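So you know, we letter chains A, B, ... as the sequences are listed, proteins then strands, and number each from 1. This structure is a prediction, so every number in the text was calculated from the model and none was measured.
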There are 2 protein chains.
Amino acid sequence: MDKLETLTAFSALSQETRLDVFRLLIAAGDQGMLAGEIAQALDVRQNTMSANLSVLLAAGLVRKSREGRAIRYCANTEGLRGMLGFLLRDCCGGRPELCEPLIEDITCSC
Amino acid sequence: MDKLETLTAFSALSQETRLDVFRLLIAAGDQGMLAGEIAQALDVRQNTMSANLSVLLAAGLVRKSREGRAIRYCANTEGLRGMLGFLLRDCCGGRPELCEPLIEDITCSC
DNA sequence: CAAACAATTCAATAATTCATGATATATGGA
DNA sequence: TCCATATATCATGAATTATTGAATTGTTTG
């Protein structure tokens, strides 16, 4: 993850609806949610939600897959991990081996 | 850390100069850096840097302390921790005890 | 193939954010 | 007190971002 990707990810999460979506998808776990379900759960219009989901997708924070005529979205913990990795890369006096294991663990494949 | 604070923190880190500053301060560790040093290191005008430092301060991501006529800024890992905590609060099917220890550890008091 | 449904894209407006120049505040030293 | 240094604030204009209504694409069912 480079600086631009990290900025894009932070920018994506700095908007209320998108933060709500990401947290919802984190809570939903591996099975994710359909776009329509997400819009309904958060009481946001369909096209607004679609635009916000595209932003999260472009930021690498969610993944999508078609399911019949609906589209399923899942949180992409890989993206979150990359973001934290870039942010904290030099946090231990340039010895990343001290922090990287924690960053690996935090993204909850638990 | 509530939703508004989290949004403020993400917003603060979604701007290139501020992301650079935060990473610089993370790397600088406990001793932090003077406002002028930061501006010089990143080649940013004094008033622009001051405005950006205020944003980081308001977001709880840095702390400041006066030192003679200069002002020293340090990364505030507490703020980062809160942000991640809010983001991942429900990541383990509502069993925070699975993730919170990791979130505690990640902010590198190492 | 046509109708219904799910989601996306487009164009336009409204709101927010950013850097800048000028000015102001605060501290230390002569 | 007067000046120099270090940082912060203010007002402005330029650029970016968000939401909306309307139109469009892709999918399933009859």
Side-chain angles (χ1 to χ4, degrees), chain A residues 3-25 28 31-76, chain B residues 3-25 28 31-76:
Chain A
K3 192 199 286 187
L4 181 58
E5 290 174 302
T6 303
L7 282 169
T8 306
F10 277 119
S11 173
L13 292 174
S14 70
Q15 201 270 348
E16 182 168 15
T17 300
R18 292 194 295 263
L19 181 61
D20 288 342
V21 169
F22 189 74
R23 287 183 7 105
L24 201 58
L25 290 178
Q31 75 179 42
M33 291 175 73
L34 304 181
E37 288 177 345
I38 300 172
Q40 196 172 3
L42 298 179
D43 193 27
V44 171
R45 287 166 191 257
Q46 194 188 37
N47 56 354
T48 298
M49 182 53 78
S50 176
N52 281 318
L53 286 169
S54 316
V55 173
L56 287 169
L57 188 67
L61 291 167
V62 303
R63 282 178 300 157
K64 76 173 175 180
S65 55
R66 184 169 278 281
E67 196 156 307
R69 48 188 149 186
I71 293 190
R72 182 172 299 277
Y73 283 87
C74 298
N76 181 13
Chain B
K3 192 199 289 189
L4 181 58
E5 291 174 302
T6 303
L7 281 169
T8 306
F10 277 118
S11 173
L13 291 174
S14 70
Q15 201 270 347
E16 182 168 13
T17 300
R18 292 193 297 262
L19 180 60
D20 288 341
V21 169
F22 188 73
R23 286 180 12 102
L24 199 59
L25 290 179
Q31 74 180 45
M33 290 175 72
L34 303 182
E37 289 177 344
I38 300 172
Q40 196 172 1
L42 298 179
D43 193 27
V44 170
R45 285 165 192 259
Q46 182 265 324
N47 57 351
T48 299
M49 182 54 76
S50 176
N52 281 319
L53 286 170
S54 316
V55 172
L56 287 169
L57 188 67
L61 290 167
V62 303
R63 282 178 299 159
K64 75 172 178 181
S65 56
R66 184 168 279 283
E67 196 156 307
R69 46 188 149 183
I71 293 191
R72 183 172 297 277
Y73 283 86
C74 298
N76 180 14

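One interatomic measurement links the two molecules: CZ of B:R45 to P of C:dC18, which rounds to 17 Å at whole-angstrom precision. Between A:L42 atom CG and D:dT19 atom P the separation is 12 Å, expressed in whole Å. Spacing between atom CG of A:L57 and atom C1' of C:dA7 amounts to 13 Å, rounded to whole angstrom units. To the nearest angstrom, P of D:dT17 lies 11 Å from CG of A:L7. One can place CD of B:E16 at 18 Å from P of C:dT17, the figure rounded to the nearest angstrom. Counting to the nearest Å, the C1' atom of D:dT12 and the CG atom of B:N47 are 13 Å from each other. Taking atom CD1 of residue A:I38 and atom P of nucleotide C:dA6, one finds them 15 Å apart after rounding to whole Å. The separation between B:R72 atom CZ and D:dA8 atom C1' is 19 Å, rounded to whole Å.
B:T48 has its side chain out of reach of B:T17: every pair of non-hydrogen atoms, C-beta onward, lies at least 4.5 Å apart.
When distances are taken from the side chain of A:L34 to each of D:dT19, C:dA7, C:dC18, the shortest belongs to C:dA7. In this structure, the nucleotide among C:dT20, D:dA22, D:dT19 sitting nearest to the side chain of A:Q15 is D:dT19. In the set D:dA6, D:dA18, D:dT9, D:dA6 carries the atom at the smallest distance from any side-chain atom of B:A70. For B:T48, whose side chain is taken as the heavy atoms from C-beta onward, the closest listed nucleotide among D:dT20, C:dA19, D:dA8 is C:dA19. Taking every side-chain heavy atom of A:R69 into account, C:dC5 is the closest of C:dG29, C:dA19, C:dC5. Proximity note for B:I71 (side chain, C-beta onward) versus C:dA22, D:dT20, D:dT7: the nearest is D:dT7.
In this structure, B:S50 does not reach the D:dT7 phosphate: none of its side-chain N or O atoms is under 4.0 Å from OP1 or OP2. A close approach under 4.0 Å does occur between a side-chain nitrogen or oxygen of A:Y73 and OP1 or OP2 of C:dT8. Side-chain nitrogen and oxygen atoms of B:K64 include at least one within less than 4.0 Å of the OP1 or OP2 phosphate oxygen of D:dA8. Phosphate proximity of C:dA19 to B:N52: present, with a side-chain N or O under 4.0 Å from OP1 or OP2.
The structure places CG of B:L25 at 11.0 Å from CZ of B:R63, a figure rounded to the nearest 0.5 Å. The line from OG of A:S65 to OH of A:Y73 is 9.5 Å long, rounded to the nearest 0.5 Å.
Looking at A:Q31, A:E67, A:E37 one by one, the single match for side-chain hydrogen bond (donor to acceptor under 3.5 Å, both in side chains) with A:R72 turns out to be A:E67. For the pairing with A:V21, the side-chain contact (heavy atoms from CB on, under 4.5 Å) check across A:V44, A:L42, A:N52 returns one residue only, A:L42.
For B:R66 and A:R18, each mapped to the nucleotide of DNA chain D holding its nearest heavy atom, the one lying further toward the 5' end belongs to B:R66.
Side-chain N/O atoms of A:Q46 and base N/O atoms of C:dA6 include no donor-acceptor pair closer than 3.5 Å.
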